[in-house]
Amino acid sequence: DPRFDRRVDEVAGVPTRSVLCAPVRDKSGRVLGALECVNKKSRGFDAEDELLLSCIGVQCAVALENGALYASLRDKNRALLAAESQLRRVNSELEVLYAIEQQIASAPDVATLIGSVLERIASLSHAPAAAVLLAGERSGQVYSSVRGHALPQRELDPRETQRRLSQARFPQRRAAQ
């Protein structure tokens with residue numbers, strides 16, 4: 001048989017006397033692989049052996065297909081979990097924005113509004129304190145909140161306001177590389 005390659009015998013160190021081979025096919029008939037038996041001990045391979053190996057090939061194909069389906073399902077579940085997590089995160093952010101919008105609409109004055117926003121920021125960031133510096137044309141105002149309690153508003157002159165703003169280091173968001 002011209003399809004037989006004697007190099008396998010040389011590598012294995014066992015001469016091949018008889019071979020039985022059967023394809024492993026998917027449902028559409030595409031060959032996924034092959035099963036091979038070599039050197040049957042008692043007698044040569046017969047039709048019964050061929051039928052048995054063909055049946056095993058069918059079972060191998062089913063197992064391979066089930067493995068591929070399982071992997072696909074696992075990947076889809078992981079993607080679904082990631083999407084759900086992202087949806088929860090976005091929903092949480094929207095809830096915060098909605099709560100802040102309600103605070104803005106119901107605040108009687110700017111100081112009350114800023115105080116409640118600072119409390120919310122400190123709470124969300126798990127920080128004990130938060131502050132904001134608002135720069136105006138003639139002065140600056142510092143609003144602070146420590147552990148949920150608003151501190152008295154402080155006025156700053158324009159020079160001090162500009163000095164503080166010029167020394168501020170704002171966080172930068174960088175894309176992951």
Side-chain angles (χ1 to χ4, degrees), residues 22-36 53-177:
V24 177
R25 296 182 189 270
D26 65 10
K27 287 189 282 188
S28 66
R30 187 174 55 104
V31 176
L32 303 175
L35 297 174
E36 181 181 84
L53 196 58
S54 292
C55 289
I56 293 170
V58 169
Q59 292 303 312
C60 287
V62 169
L64 290 170
E65 184 177 356
N66 286 344
L69 289 171
Y70 175 79
S72 174
L73 184 60
R74 183 193 60 223
D75 293 344
K76 287 177 182 176
N77 280 340
R78 285 180 181 160
L80 185 59
L81 288 172
E84 180 187 24
S85 176
Q86 183 179 4
L87 180 62
R88 287 182 190 275
R89 195 170 38 256
V90 168
N91 192 36
S92 176
E93 291 171 3
L94 287 173
E95 287 174 1
V96 169
L97 291 174
Y98 180 69
I100 291 172
E101 186 274 329
Q102 286 181 320
Q103 289 175 335
I104 290 170
S106 65
D109 56 42
V110 173
T112 304
L113 169 64
I114 291 174
S116 63
V117 170
L118 287 176
E119 288 175 27
R120 170 76 65 164
I121 290 169
S123 172
L124 290 172
S125 63
H126 305 288
V132 64
L133 168 60
L134 298 179
E137 299 232 354
R138 288 179 251 146
S139 68
Q141 293 88 32
V142 175
Y143 297 86
S144 304
S145 175
V146 177
R147 290 185 178 80
H149 300 290
L151 299 180
Q153 175 185 341
R154 293 184 316 197
E155 295 286 326
L156 299 176
D157 66 57
R159 283 186 179 170
E160 179 63 12
T161 300
Q162 289 305 315
R163 185 186 72 75
R164 286 186 182 202
L165 286 175
S166 68
Q167 291 178 349
R169 295 187 181 175
F170 299 102
Q172 295 180 2
R173 181 170 271 188
R174 295 184 182 157
Q177 294 180 6

* Structure fact -> Taken to the nearest 0.5 Å, the spacing of L97 CG from E93 CD works out to 7.5 Å
* Structure fact -> Rounding to 0.5 Å, atoms SG (C55) and CD (Q59) come to a distance of 8.0 Å
Where do [X] and [Y] come nearest, in terms of heavy atoms and distance?
X: R25; Y: A61; result: O-CB, 2.9 Å
X: A135; Y: L165; result: CB-CD1, 3.6 Å
X: S139; Y: T161; result: C-OG1, 4.0 Å
X: V146; Y: A129; result: CG2-CB, 4.0 Å
X: Y143; Y: L134; result: CE1-CD1, 3.7 Å

* Asked: Got a sec: does the CD of E101 have more than 12 other heavy atoms crowding it under 6.0 Å?
  -> yes
* **Heavy-atom neighbours of R74 CZ exceed 12 at 6.0 Å** => yes
Which residues pass the salt bridge (charged side-chain N to carboxylate O under 4.0 Å, His left out) test with [X], sequence neighbours left out?
X: R163; result: E160
X: R120; result: none
X: E95; result: none

* Going by heavy atoms in the side chains, are D26 and E65 under 4.5 Å from each other? -> no
* Just do the salt bridge (Lys or Arg N to Asp or Glu O under 4.0 Å) check on E84 and R88 with the steps written out, would you? => CA-CA 6 Å; E84 180 187 24; R88 287 182 190 275; 2.9 Å; yes
* Asked: With respect to V24, which candidate in L64, I56, V31 satisfies the side chain to side chain contact (heavy atoms under 4.5 Å, CB included) definition?
  -> L64
* Under the criterion side chain to side chain contact (heavy atoms under 4.5 Å, CB included), which of R164, Q141, Q162 is the partner of L156? -> R164
